[in-house]
Amino acid sequence: MSLDISEITPYNFSVVEKKWQRFWLENKCFKTSTDSSKPKCFVLEMFMYPSGKVHIGHVRNYTIGDIIARYKIANGFAVLHPVGWDAFGLPAENAALKNKRHPREWTYQNIQTMKKQIEALGFSYDWDREFATCDEEYYAYQQKIFLELYKKGLVYRKKSEVNWDPVDQCVLANEQVIDGRGWRSGAVVEKKMLSQWFLKITDFAEELLSEIDRLDGWPEKVRIMQKNWIGKSEGCLIKFKSSINEDIEVFTTRPDTIFGATFVALSPGHPISKKLAEKDEKIKAFLESVKSGPTTTEAIEKQEKLGIDTGITVDHPFLNKKLPVFIANFVLMDYGTGAIFATPAHDERDYDFATKYDLPIIRVIKGNNGDDDSLPFTEDGILIDSDFLNGLNVAEAKKKSIDKLCEIGIGQRKIFFKLRDWGVSRQRYWGCPIPIIHCEKCGVVPLPEDALPVLLPEDVSFDKTGNPLDHHPTWKNVTCPTCRGKAHRETDTLDTFVDSSWYFLKFCANDPKNPNNLLDKNSIAQWMPVDQYIGGVEHAILHLLYARFFTKALAECGFTKIREPFKNLFTQGMVCNNTYRLENGDWVFPSQVQKNDNGDYTLIDTGEKVIVGRSEKMSKSKKNVVDPDAIVSTYGTDALRLFVVSDTPPERDFPWSDEGLEGCWRFINRLWRLFVFAQANGVCAQKCSSNETIEFEKLQQNIQKLYKDYHTAVKNITEALEDRAMNKAVAYIRELVNCLYMNLDNIKENLPVFSVIIRDLIKMIAPISPHICEEAWNMLGFNGIVSENSWPKYDERYTAVETINLPIQVNGKLRGTIDVSIDEKEEIIFEKALALQTVQNAIAGKNIRKKVFVKGKIINFVV
RNA sequence: GCCCGUGUGGCGGAAUGGUAGACGCUACAGACUUAAAAUCUGUUGUCCUUUCGGGCGUGGGGGUUCGAGUCCCUCCACGGGCACCA
């Protein structure tokens with residue numbers, strides 16, 4: 001051997017990676033292909049918030065996307081793979097406050113920093129399409145869209161109780177309130193009445209729900225979450241005649257249980273409740289006591305059911321009987337009508353309440369399977385003691401009862417959704433200004449197109465709390481575009497979820513620098529929908545639902561024709577790491593901890609005892625983060641990219657391990673040694689004119705096997721990547737590399753075979769670890785760059801199995817194997833199988849009752 | 001409480017109803033080296049056995065099947081989502 005493989009100098013990743021990153025960038029290798037003969041593929045990772053630094057979760061997310069994009073390019077697709085920044089939002093203002101820096105400056109500087117980091121990871125982005133949502137062109141266009149939505153009646157303003165974050169001085173969407181606390185500040189959220197802008201997402205509730213069934217490229221989990229969030233319930237409204245001169249209307253999905261109704265309950269917020277409170281001190285006191293009730297989810301859950309009898313009664317619609325009316329804390333005002341009728345026998349909440357206040361419980365449904373007499377009974381069954389409903393099942397009874405209620409004029413079929421309209425007003429500076437004027441005379445006036453855009457003022461102060469736009473000295477003072485009278489601007493800005501609801505459409509623009517045509521119909525028709533969207537499951541509801549809605553709303557306004565933005569969705573798991581803390585509870589960095597021989601963990605510096613926590617999502621506060629920059633400079637991007645998709649399926653949480661990363665670094669070097677060794681022994685482009693020239697029959701047996709293993713590897717790797725199972729693809733790549741190492745002694749006599757295999761090996765690793773592949777491709781004299789090359793094909797002649805190591809079982813237990821040709825006759829196989837000593841031992845003295853033979857799979861003797 | 005997901009060696013994980021543990025990490029051994037590192041090559045579920053072999057093994061229990069990690073029933077544990085939505 002001319003070169004000892006162990007003598008090859010380590011791979012110089014830092015030089016190689018920089019070289020090819022520069023090459024790709026300078027030659028615009030990943031500029032979006034406009035070749036219309038190719039099928040299109042839009043690969044999109046959820047864009048980044050420019051918080052300041054790229055973290056390892058980003059690396060995994062974008063690596064998965066990049067592998068898909070590069071794989072699709074190799075498979076002949078015209079790939080759109082853009083990158084951008086979700087750049088508006090609160091942290092920029094917080095930073096402004098803290099560091100006395102302008103949000104714009106802070107944001108763009110972060111983008112610059114993070115862009116450098118992203119570039120160092122070697123992703124195949126079309127940088128020409130990069131933009132940030134805080135770019136003037138982008139939010140200016142968003143204002144145009146807002147006004148179109150306004151014209152269409154999809155925007156309205158109403159006074160509403162909002163979630164007020166007293167720390168951030170900001171309105172929060174329902175979804176931004178977690179356990180009664182602001183999602184960012186963690187402060188207990190208060191209620192406040194404010195005039196707010198809303199988008200009519202509820203107009204699309206039915207479509208948003210029904211289309212979910214067709215999103216079969218989405219994880220089932222996300223689809224269910226969205227369905228639950230939209231929360232459709234079908235039922236009916238029923239008007240009860242009451243002892244006061246006002247009917248009480250309730251909503252129910254269980255009209256079938258009407259004969260079991262024993263009381264009616266109003267929400268504390270119900271108008272009748274409020275009216276009663278004016279005259280009745282006890283009721284007033286009750287409402288007060290309920291109001292100051294707990295706000296956290298946990299507390300609500302455990303909250304006792306409380307109520308007060310109003311003295312009012314209502315008439316049962318079918319029975320000559322009066323039902324008492326209560327005010328009850330468990331009845332929500334903002335769902336249905338804020339009033340219910342209660343059937344304690346068949347509803348848990350009603351049951352709890354009835355038991356507590358000693359109200360009658362009347363069973364009207366008998367269980368299907370016999371004598372289950374426990375209450376409350378909420379399953380399907382047969383109606384009893386219910387007049388015209390007797391003998392029906394629940395579904396039939398629902399229908400018939402509604403028919404009857406409608407017939408006698410007190411009922412009405414009705415569908416309610418949990419989904420609420422989307423409040424988009426934010427009392428904040430760093431967001432898209434809402435293009436509306438408030439005129440003393442004309443009221444709300446949308447800005448005419450020629451008055452757009454409304455740009456954010458530069459000179460703002462963040463000294464005071466609240467909205468800087470509101471206390472800017474001049475910005476909001478304008479004349480009314482209609483009457484020229486005194487007016488002021490809307491000072492609210494849009495929720496940043498609006499920005500992220502159409503950015504994927506802007507990415508489509510084939511003329512990305514044209515500020516007038518951000519939503520280019522032709523480009524959108526060409527690229528949408530997104531073929532593969534990749535992001536965290538934390539956006540399963542909010543972002544994805546808003547983006548779906550927005551897409552539909554834009555279609556209604558004639559901007560586009562598509563109604564669903566994301567054909568396939570992939571949600572990657574979080575990157576987790578071990579956590580360590582001291583006995584006083586302080587978190588410590590994993591790098592500060594050492595494991596001692598006795599199995600204890602201690603602080604390296606002080607020897608202090610350390611408690612090992614469980615593996616949790618990496619976060620700064622728990623100090624279990626790793627720094628991508630440090631890893632890239634120690635091991636290189638290729639090793640990091642390989643590691644984040646190795647071992648663990650991408651949809652699952654990824655357990656970080658330094659040893660695993662080092663293993664990937666070793667593998668990168670193992671590859672490098674293979675390439676260098678191969679080149680030194682004559683492997684090169686010229687030796688592999690094409691696969692077909694290889695005369696398989698003339699190869700030595702072990703090289704035939706290698707050649708077949710290679711074809712099988714191509715098949716396996718391709719199928720794994722089609723399934724987005726990068727972990728499996730990596731395993732098969734490693735197997736192929738191991739096969740090559742086994743046969744290195746024969747390299748010189750088999751240069752065409754080795755050249756072909758190594759060429760395709762490079763192609764197949766390239767989507768995952770592109771830099772080393774580009775270098776090897778170049779080194780071995782192949783044309784062009786591997787990133788623009790085609791994906792290898794396998795030949796079924798060589799993946800077909802001819803001989804097999806057939807397992808032989810006796811009574812389902814493995815007793816041995818025999819090597820036979822796949823087409824060997826059954827009798828001969830049985831003969832050989834029976835000849836095995838282990839089989840003989842197992843069947844000794846017993847009768848063979850049955851012989852099972854599955855071709856190519858198994859032999860089983862039943863004795 | 002309801003809905004969804006997951007459970008396989010010391011660890012991450014493979015496995016169209018057909019040889020469980022591919023591939024990797026860890027650990028151990030051999031080769032190379034004055035030595036170490038690196039590298040290359042092995043071994044590495046567990047128990048019994050000197051070997052040959054064999055017993056037990058995919059959260060627990062049951063079932064279907066010639067054959068179950070895989071299908072069915074049931075229970076348990078962990079993770080996630082929703083949560084008084086009538």
Side-chain angles (χ1 to χ4, degrees), chain A residues 4-8 10 219-225 227-229 231-233 235 250-255 257 265 267 297-298 300-303 305 328-332 334-343 346-350 352-353 378 416-419 537-538 540-541 614 643 646-649 651-664 666-667 669-670 673 716 725 727-735 737-738 741-742 744 804-817 837-838 841-842 849-854 856-863:
Chain A
D4 183 344
I5 199 158
S6 66
E7 298 292 308
I8 295 167
E220 190 57 22
K221 180 179 166 175
V222 175
R223 296 205 280 171
I224 290 168
M225 280 161 78
K227 274 188 186 174
N228 291 342
W229 191 262
K232 181 179 180 175
S233 50
V250 305
F251 175 65
T252 183
T253 57
R254 295 300 304 275
T257 64
S267 163
T297 315
E298 198 186 1
I300 287 169
E301 175 191 334
K302 287 178 188 143
Q303 194 182 350
K305 296 205 171 18
N329 66 342
F330 70 92
V331 182
L332 302 175
D334 59 356
Y335 191 76
T337 60
I340 59 161
F341 81 72
T343 309
H346 304 293
D347 182 286
E348 268 173 56
R349 295 151 300 173
D350 300 352
D352 290 348
F353 192 84
T378 55
F416 272 102
F417 291 94
K418 277 202 275 184
L419 183 68
V537 74
E538 65 272 20
I541 300 171
R614 48 170 224 163
F643 179 52
S646 290
D647 303 342
T648 305
E651 68 277 10
R652 257 194 253 178
D653 283 353
F654 179 85
W656 184 264
S657 92
D658 293 336
E659 294 81 11
L661 173 64
E662 248 170 276
C664 288
R666 280 201 297 270
F667 181 69
N669 274 293
R670 188 169 157 86
R673 285 189 300 273
N716 288 339
N727 60 318
K728 284 194 242 169
V730 170
Y732 294 130
I733 286 168
R734 296 183 113 123
E735 261 180 351
V737 171
N738 291 346
Y741 264 84
M742 300 286 197
L744 284 183
I804 179 178
N805 182 237
L806 192 73
I808 315 298
Q809 297 182 335
V810 177
N811 282 351
K813 273 194 205 302
L814 186 73
R815 292 300 162 184
T817 60
Q837 188 55 49
T838 48
N841 293 346
R849 290 212 337 254
K850 191 173 174 184
K851 297 181 199 172
V852 178
F853 170 70
V854 183
K857 293 289 182 194
I858 204 138
I859 292 285
N860 192 8
F861 295 107
V862 187
V863 297

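Quick note on labels: first sequence line is chain A, next is B, and so on, each numbered from 1. This structure is a prediction, so every number in the text was calculated from the model and none was measured.
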Which whole number of Å gives the distance between the [atom1] atom of [N] and that of [M]?
{"N": "G9(B)", "M": "A22(B)", "atom1": "P", "value": "13 Å"}
{"N": "C32(B)", "M": "U49(B)", "atom1": "P", "value": "35 Å"}
{"N": "C4(B)", "M": "G57(B)", "atom1": "P", "value": "31 Å"}
{"N": "G12(B)", "M": "U26(B)", "atom1": "P", "value": "15 Å"}
{"N": "C73(B)", "M": "U41(B)", "atom1": "C1'", "value": "50 Å"}
{"N": "A38(B)", "M": "C25(B)", "atom1": "P", "value": "13 Å"}
{"N": "A27(B)", "M": "G18(B)", "atom1": "P", "value": "35 Å"}
{"N": "U70(B)", "M": "A15(B)", "atom1": "P", "value": "15 Å"}

Could you state the atom-to-atom distance from [atom1] of [X] to [atom2] of [N] in whole Å?
{"X": "Asp658(A)", "N": "G12(B)", "atom1": "CG", "atom2": "P", "answer": "16 Å"}
{"X": "Leu419(A)", "N": "A83(B)", "atom1": "CG", "atom2": "C1'", "answer": "17 Å"}
{"X": "Asn841(A)", "N": "G54(B)", "atom1": "CG", "atom2": "C1'", "answer": "10 Å"}
{"X": "Tyr732(A)", "N": "G13(B)", "atom1": "OH", "atom2": "C1'", "answer": "12 Å"}

Selection from [options] that lies nearest to any side-chain heavy atom of [X]:
{"X": "Asn860(A)", "options": "C23(B), G42(B), C66(B)", "value": "C66(B)"}
{"X": "Arg652(A)", "options": "U19(B), G13(B), C40(B)", "value": "G13(B)"}
{"X": "Lys305(A)", "options": "C66(B), G12(B), C84(B)", "value": "C84(B)"}
{"X": "Pro655(A)", "options": "U19(B), G12(B), C4(B)", "value": "G12(B)"}
{"X": "Lys221(A)", "options": "G13(B), A83(B), C4(B)", "value": "C4(B)"}
{"X": "Tyr741(A)", "options": "G13(B), U41(B), C23(B)", "value": "U41(B)"}
{"X": "Arg666(A)", "options": "C4(B), C23(B), U26(B)", "value": "U26(B)"}
{"X": "Ile224(A)", "options": "U19(B), C66(B), C3(B)", "value": "C3(B)"}
{"X": "Lys813(A)", "options": "C82(B), U26(B), G55(B)", "value": "G55(B)"}
{"X": "Arg670(A)", "options": "G18(B), G13(B), U41(B)", "value": "U41(B)"}

Kindly indicate whether the side chain of [X] and the base of [N] share any N or O donor-acceptor pair separated by less than 3.5 Å?
{"X": "Lys857(A)", "N": "U16(B)", "result": "yes"}
{"X": "Asn669(A)", "N": "U39(B)", "result": "no"}
{"X": "Lys728(A)", "N": "C23(B)", "result": "no"}

What is the nucleic acid contact for [X], judged by heavy atoms within less than 4.0 Å: base, sugar-phosphate only, or nothing?
{"X": "Thr838(A)", "result": "sugar-phosphate"}
{"X": "Ser233(A)", "result": "sugar-phosphate"}
{"X": "Gln809(A)", "result": "base"}
{"X": "Val862(A)", "result": "sugar-phosphate"}
{"X": "Asp334(A)", "result": "nothing"}
{"X": "Gly231(A)", "result": "nothing"}
{"X": "Val331(A)", "result": "base"}

Residues in side chain to side chain donor-acceptor pair (under 3.5 Å) contact with Asn716(A), at least two apart in sequence or another chain: none
Judged by whether its glycosidic angle lies within 90° of 0, G9(B) is syn
Any strand is fair game: report the nucleotide pairing with G5(B) by Watson-Crick or G-U wobble, both distances under 3.5 Å, or none. C78(B)
In terms of side-chain heavy atoms, does Asn738(A) have a donor or acceptor partner in Arg670(A) at a distance below 3.5 Å? yes
Parallel, tilted or perpendicular: which fits the ring planes of Phe416(A) and Phe251(A), with parallel below 30° and perpendicular above 60°? perpendicular
When every non-hydrogen atom of Val331(A) is compared with those of Ala265(A), the smallest separation belongs to CG2-CB, 3.8 Å
Lys305(A) to Phe353(A) six-membered ring, cation-pi geometry met (6.0 Å, 45°): no
